[in-house]
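Have a look at the structure below before the remarks.
If you're wondering where the values come from, they're calculated on a predicted model, not measured in any experiment. Any value given below was found using the heavy atoms of this structure, including those in side chains, with hydrogens, waters and symmetry copies removed.
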Amino acid sequence: MRARALLAVVLLTLLAACAAGPSLEDQGEVTAPPGDSSGLTVGSAGFTESDLLAQMYALLLRRAGYRTELITVANRELYEPALESGRIDVVPEYAATFADWLNAKENGPDAEPVGSPDLATTMKALRRLATPRGLTVLDPGKAVDQNAFAVTREFAAEHALRTLSDLGASGIPVRLAAGDECVSRPYCQPGLEKTYGIDVTAVDPKGVGTTQAKRAVQSGQDQMVLTTTTDATLDAFGLVLLEDDKKLQNADAVVPVVNRARAGSERVARALDALAPVLTTADLAGLNRQVDSWRRLPEDVARAYLEKKGLLGS
């Protein structure tokens, strides 16, 4: 109860802070010179992967000499304005998703998406949207958490499937376990049909990467499931990902986003950029597994990984 009460206070504080933050009109094209505050707040969106990334960011920043604290705010509608106002200094984000979110915030929910399968194009759009809001987007890393499609190992082996193109060329009809919005989303049923020629006979609305959806594929009720590239539970269900070889999915590389006025310094960038060339998609899936399946604490998993990679020093 005490933890819930504390979270409620935090959320109320963030809401008040968001209202007091600088307006977009007052910020101009470029904000104040980059800041280098000695104490930094790292935000997490409250799910396993975000917790792990936030812990790694905090540990790297401590290694660089900063005092850090972590805060969990599970709603982007709350934590992004708090990031603008400086109540949160650093958050892990996903390039295409965050670009489209900022674009919708600025231009309305019906704005044409700016995220794309091309990472360079996506990053250019993201930085263009983030800079006037006082935010700096650091370099993307190797780790990518984007939509992906999985089938059983047996199904893949029987039909010699490695890629989504293989599935399309096979002509096999597929019943897809996914969210109900899949029937209209360009990255889902329409994209699978148009880009890959996959015969999607129906969408079974069991959600994205849910246990129910994976069990439906495991049992043969459905043939494929919509999940993510860092799903840590695929092995447990005997599932394997099919490669998105024609790049239907948007470039959702992991990127640190910082408040420029408080954490826009080169020292912060150097500390966080150290993770970018090291952390891979497979690494991130494995770290998720340690927390979700092995019940290890995110901080312990994050620390062990950074130490193993030599990023925390002696």
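- If you chain together ILVMFWY residues whose side-chain heavy atoms come under 4.5 Å of each other, Val217 ends up grouped with Val225, Leu234, Phe237, Leu239, Leu241.
- Inter-residue side-chain proximity for Thr136 and Leu138 is flagged as met; some heavy-atom pair is nearer than 4.5 Å.
- No more than 12 heavy-atom neighbours from other residues, nucleotides or ligands sit within 6.0 angstrom of NZ on Lys194.
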Side chain to side chain donor-acceptor pair (under 3.5 Å) evaluation trace for Asn288 with Thr48 = CA-CA 6 Å; Asn288 287 338; Thr48 296; 5.7 Å; no

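- Here the side chain of Thr210 pairs a donor or acceptor atom with the backbone of Ala213 at under 3.5 angstrom.
- Two residues are said to be in side-chain contact when any heavy atoms from C-beta on lie closer than 4.5 Å; Glu69 and Val42 fail this criterion.
- In the hydrophobic cluster analysis, where Ile, Leu, Val, Met, Phe, Trp and Tyr join through side-chain heavy atoms closer than 4.5 angstrom, Met56 is grouped apart from Leu297.
- Here the closest non-hydrogen pair linking Leu53 and Val254 is CD1-CG1, 3.9 Å.
- Within the 4.5 Å cutoff, side-chain heavy atoms of Leu279 are placed close to those of Tyr305.
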Working for side-chain contact (heavy atoms from CB on, under 4.5 Å), residues Phe155 and Leu161 = CA-CA 8 Å; Phe155 186 81; Leu161 305 178; 3.5 Å; yes

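- Contact between Ser44 and Ala54 at its shortest, heavy atoms only, is CB-CB, 3.9 Å.
- A donor-acceptor pair is defined here as one N or O able to donate and one able to accept, closer than 3.5 Å; such a pair exists between the side chain of Ser85 and the backbone of Ala82.
- Side-chain atoms of Tyr187 never come within 3.5 Å of backbone atoms of Ala148 as a donor-acceptor pair (strictly under, hydrogens ignored).
- With salt bridges taken as basic N to acidic carboxylate O contacts below 4.0 Å, none links Glu84 and Arg260.
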Can Glu93 and Tyr79 be said to form a side-chain contact (heavy atoms from CB on, under 4.5 Å), step by step?
-> CA-CA 11 Å; Glu93 264 293 355; Tyr79 76 66; 2.5 Å; yes

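- In this structure, a donor-acceptor pair under 3.5 Å is absent between the side chains of Ser116 and Asp118.
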Going through the checks in order, is the side-chain contact (heavy atoms from CB on, under 4.5 Å) test met by Val258 and Leu272?
-> CA-CA 10 Å; Val258 304; Leu272 298 178; 4.2 Å; yes

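- With rounding to the nearest 0.5 angstrom, the CG atom of Leu242 is 7.0 Å from the CE atom of Met224.
- With hydrogens and angles ignored, the 3.5 Å screen pairs a side-chain donor or acceptor of Asn259 with a backbone N or O of Leu83.
- There is a side-chain donor-acceptor pair under 3.5 Å between Thr230 and Glu49.
- Lys214 and Thr233 form a side-chain donor-acceptor contact under 3.5 Å, judged by distance and modelled atom types alone.
- A continuous path of ILVMFWY side-chain contacts below 4.5 Å connects Leu192 to Leu167, so both sit in one hydrophobic cluster.
- Counting only heavy atoms from C-beta outward, the side chains of Val240 and Val151 approach each other to under 4.5 Å.
- The CZ atom of Arg62 lies 10.0 Å from the CG atom of Leu312; values are rounded to the nearest 0.5 Å.
- Looking at heavy atoms from C-beta onward, Gln221 lies out of side-chain contact with Arg215 at the 4.5 angstrom threshold.
- The closest side-chain heavy-atom distance from Asp199 to Val174 is not below 4.5 Å.
- The pair Asp139-Arg127 meets the salt-bridge criterion, since a charged nitrogen lies less than 4.0 angstrom from a carboxylate oxygen.
- Here the closest non-hydrogen pair linking Ala251 and Ala95 is O-CB, 3.5 Å.
- A donor-acceptor distance shorter than 3.5 angstrom exists from the side chain of Ser170 to the backbone of Ile172, with no hydrogens or angles considered.
- In this structure, the side chain of Thr68 does not engage the main chain of Thr41 through any donor-acceptor pair within 3.5 Å.
- Heavy atoms only, all atoms of each residue included: Ala160 and Asp166 are closest at O-OD2, 3.9 Å.
- Between the side chain of Tyr196 and the backbone N or O of Lys246, at least one donor-acceptor pair lies under 3.5 Å.
- Thr97 contributes no side-chain N or O that, together with a main-chain N or O of Tyr94, makes up a donor-acceptor pair within less than 3.5 Å.
- Remark: Leu287 CG to Arg296 CZ distance equals 9.5 Å, nearest 0.5 Å.
- For the pair Arg76 and Phe98, the NZ or CZ position fails the cation-pi test of under 6.0 Å to the six-membered ring centre and within 45 degrees of the ring normal.
- Side-chain N/O atoms of Arg175 and Thr201 include no donor and acceptor closer than 3.5 Å.
- No donor-acceptor pair under 3.5 Å is formed between the side chain of Lys247 and the backbone N or O of Pro117.
- The closest donor-acceptor contact from the side chain of Thr195 to the backbone of Leu248 lies at 3.5 Å or more, if one exists at all.
- Considering every non-hydrogen atom in both Cys188 and Leu176, the closest pair reads SG-CD2, 4.0 Å.
- Among all heavy-atom pairs drawn from Leu129 and Pro132, the shortest one is O-CD, 3.5 Å.
- With respect to Arg185 and Asp180, no salt bridge is recorded, no charged nitrogen being found less than 4.0 Å from a carboxylate O.
- With values rounded to the nearest 0.5 angstrom, Cys182 atom SG is found 6.0 Å from Gln189 atom CD.
- Rounding to the nearest 0.5 angstrom, the gap separating the CG atom in Leu52 from the CG atom in Asp300 is 10.5 Å.
- A continuous path of ILVMFWY side-chain contacts below 4.5 Å connects Leu284 to Leu60, so both sit in one hydrophobic cluster.
- Between the CG atom in Asp244 and the CD atom in Gln146 there is a gap of 6.5 Å [rounded to 0.5 Å].
- With contacts defined as side-chain heavy-atom distances shorter than 4.5 Å, the pair Gln55/Arg303 does not qualify.
- Remark: Arg267 CZ is packed, more than 12 non-hydrogen atoms of other residues, nucleotides or ligands lying under 6.0 Å away.
- Within the 4.5 Å cutoff, the side chain of Ile71 has heavy atoms near those of the Val73 side chain.
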Val144 vs Thr280, side-chain contact (heavy atoms from CB on, under 4.5 Å): CA-CA, chis, key distance, verdict = CA-CA 8 Å; Val144 178; Thr280 66; over 6 Å; no

